[in-house]
There are 2 protein chains.
Amino acid sequence: MAARAVLPEPAHAPGLGRLVMQVSRELRTLADRQLAPLGLTMQQAELVIATFLHGEKGSRHLTSLVLTDEAGVSRLVDRLEAKGLVRRRPSPRDRRSRALELTPAGRAVVARMRRRRAVVDQRLREGISADDIAATRDVLLRVLDNIARAARAVA
Amino acid sequence: MAARAVLPEPAHAPGLGRLVMQVSRELRTLADRQLAPLGLTMQQAELVIATFLHGEKGSRHLTSLVLTDEAGVSRLVDRLEAKGLVRRRPSPRDRRSRALELTPAGRAVVARMRRRRAVVDQRLREGISADDIAATRDVLLRVLDNIARAARAVA
DNA sequence: TGCGAATACTTGTCTTGACAAGTATTTCCG
DNA sequence: CGGAAATACTTGTCAAGACAAGTATTCGCA
């Protein structure tokens with residue numbers, strides 16, 4: 001694993017961070033292309049599914065589920081509302097909050113997307129053992145932890 | 001810099017894909033914040049470094065190095081040119097192409113950024129063995145392979 | 001030779017992501 | 001109680017990524 005301190009970092013042995021970002025980018029691109037026939041992006045699909053699973057909560061509670069911040073969720077909901085898949089209702093408990101709910105059209109596509117997502121996820125694991133997946137997950141969680149620590153050091 | 005959009009949400013185990021995307025996102029955010037004092041983003045820093053290492057090539061050759069497409073590089077170069085770090089020259093060998101070169105100001109920041117990047121990369125590996133890093137890299141490469149296969153299946 | 005295909009880059013549009021600032025509402029506490 | 005602080009969301013701005021389409025130039029080859 002490359003003692004690549006300050007070295008060129010050739011394309012064939014990229015740093016772990018770079019590799020993670022490459023995988024992330026290609027995952028999104030693939031997902032977006034597969035969802036294009038439904039007229040949705042990956043983020044939009046995630047939000048629709050999150051609304052199905054955790055609906056009735058305000059967008060604040062959904063931000064962590066779709067990997068963006070509140071502002072991002074707000075505009076994501078704008079787009080989904082424009083597509084008629086989701087609706088904002090005033091929340092009875094807290095008038096600052098607006099609860100999300102799926103429209104009939106929204107419910108109509110959830111199952112299909114979830115199935116599709118599962119298939120893709122399955123395909124991405126092909127040829128990789130459960131142990132390797134688990135170990136990878138573990139490493140990535142530790143990296144996340146290190147990122148959080150570094151972020152605190154900066155702040 | 002204030003309320004970090006970052007950490008919450010360990011909750012239950014997310015899918016590997018989601019985890020990769022989360023790591024990617026937080027990596028970029030951290031890098032962008034650390035580079036902010038230099039007035040650069042992570043992508044801009046990467047392109048300046050790539051120009052230093054592989055300069056004199058047209059942007060076509062740099063796209064794979066900065067994880068975006070030609071259009072992205074084109075606009076990235078626009079921004080760096082506006083900041084006076086990089087310059088486009090007509091390529092003598094091929095008049096379609098425009099060779100990139102660092103300006104003195106560009107060269108002046110390269111060393112600092114590379115050192116900084118190495119430090120951060122080091123910090124992200126803390127507490128993770130070289131073997132684990134290698135195994136993780138291996139798994140991610142196989143995932144990349146699966147993505148490519150799935151992409152071909154779609155196309 | 002010359003013409004169509006390929007190549008290098010640019011530009012337009014849409015979506016996302018981060019951050020800052022703004023509004024409305026609720027909570028906390030003196 | 002009353003006002004300060006926190007909270008929930010929205011909006012504005014900039015940078016990126018993907019994709020499509022456009023321009024200029026070079027290449028391949030009949």
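Side-chain atoms are counted along with the backbone in the values below, which use heavy atoms only and exclude waters and symmetry mates. Predicted, not measured: the structure shown is a model, and the values here were computed from it. Every chain is numbered from 1, with letters handed out A, B, ... down the list of sequences.
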Chemist: What pairs with B:D32 under side chain to side chain contact (heavy atoms under 4.5 Å, CB included), at least two apart in sequence or on another chain?
Modeler: B:R28, B:T41, B:M42
Chemist: Partners of B:Q122 by side chain to side chain contact (heavy atoms under 4.5 Å, CB included), sequence neighbours excluded?
Modeler: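 With neighbours one apart ignored, the set is empty.
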Chemist: Using whole Å, report how far CG of B:D32 lies from C1' of D:dG17.
Modeler: 14 Å
Chemist: Kindly work out whether a path of hydrophobic side-chain contacts (I/L/V/M/F/W/Y, heavy atoms less than 4.5 Å apart) joins A:F52 to A:L38.
Modeler: yes
Chemist: With the threshold set at under 4.0 Å for non-hydrogen atoms, list the residues of residues 38-48 of chain A touching DNA chain C in residue-number order.
Modeler: A:T41, A:Q43, A:Q44
Chemist: Would you mind reading off the distance between B:R95 atom CZ and C:dT10 atom C1', rounded to a whole angstrom?
Modeler: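 Spelled out: CZ on B:R95 to C1' on C:dT10 is 18 Å.
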Chemist: It should be established whether A:R33 places a side-chain nitrogen or oxygen under 4.0 Å from OP1 or OP2 of nucleotide D:dC19.
Modeler: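 For D:dC19, OP1 or OP2 has a side-chain N or O of A:R33 closer than 4.0 Å.
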Chemist: Ignoring hydrogens and angles, answer whether the base of D:dG17 and the side-chain atoms of B:R75 contain a donor-acceptor pair closer than 3.5 Å.
Modeler: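 No, the side chain and the base share no sub-3.5 Å donor-acceptor pair.
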Chemist: Determine all donor-acceptor pairs shorter than 3.5 Å in which one atom belongs to a side chain in residues 67-77 of chain B; sequence neighbours excluded.
Modeler:
from: B:D69; atom 1: OD1; to: B:A71; atom 2: N; distance (Å): 3.3
from: B:D69; atom 1: OD1; to: B:G72; atom 2: N; distance (Å): 2.9

Chemist: To the nearest angstrom, how far is B:D78 atom CG from C:dT11 atom P?
Modeler: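 Between P of C:dT11 and CG of B:D78: 7 Å.
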Chemist: What integer distance in Å separates B:L30:CG from C:dA18:P?
Modeler: 12 Å
Chemist: Specify the separation, in whole Å, of atom CZ of A:R28 and atom C1' of C:dT15.
Modeler: 9 Å
Chemist: Report the residues that fulfil side-chain hydrogen bond (donor to acceptor under 3.5 Å, both in side chains) with B:Q43, sequence neighbours left out, ordered by chain and then residue number.
Modeler: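 Applying side-chain hydrogen bond (donor to acceptor under 3.5 Å, both in side chains) to B:Q43 gives none.
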Chemist: Side chain to side chain contact (heavy atoms under 4.5 Å, CB included) with A:L53: which residues, sequence neighbours excluded?
Modeler: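 Side chain to side chain contact (heavy atoms under 4.5 Å, CB included) check on A:L53 returns A:I49, A:R114.
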Chemist: For the pair made of CG in B:L35 and C1' in C:dC19, what is the distance, rounded to whole Å?
Modeler: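 My rounded result for the distance is 16 Å.
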Chemist: Could you give the CG-to-C1' distance, from A:L62 to D:dT10, as a whole number of Å?
Modeler: 16 Å
Chemist: List the residues meeting salt bridge (charged side-chain N to carboxylate O under 4.0 Å, His left out) with A:R79, not counting sequence neighbours, and say none if there are none.
Modeler: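 Partners of A:R79 by the salt bridge (charged side-chain N to carboxylate O under 4.0 Å, His left out) criterion come out as none, since no residue qualifies.
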Chemist: Let me spell it out: for each of B:A71 and B:L76, pick the nucleotide of DNA chain D with the closest heavy atom. Which residue's pick is nearer the 5' end?
Modeler: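 Whichever sits nearer the 5' end wins; that is B:L76.
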Chemist: Which residues pass the side chain to side chain contact (heavy atoms under 4.5 Å, CB included) test with A:R123, sequence neighbours left out?
Modeler: A:E126, B:A150, B:A153
Chemist: Return a single string for nucleotides 1-9 of chain D, one symbol per nucleotide in 5' to 3' order, where B is base contact, S is sugar-phosphate-only contact and - is none, cutoff 4.0 angstrom on heavy atoms.
Modeler: -----BBSB
Chemist: Let me know the distance between CZ of A:R79 and P of C:dT13, rounded to the nearest Å.
Modeler: 17 Å
Chemist: Using 0.5 Å steps for rounding, measure from the OG atom of B:S91 to the CZ atom of B:R98.
Modeler: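 Between atom OG of B:S91 and atom CZ of B:R98 there are 11.0 Å.
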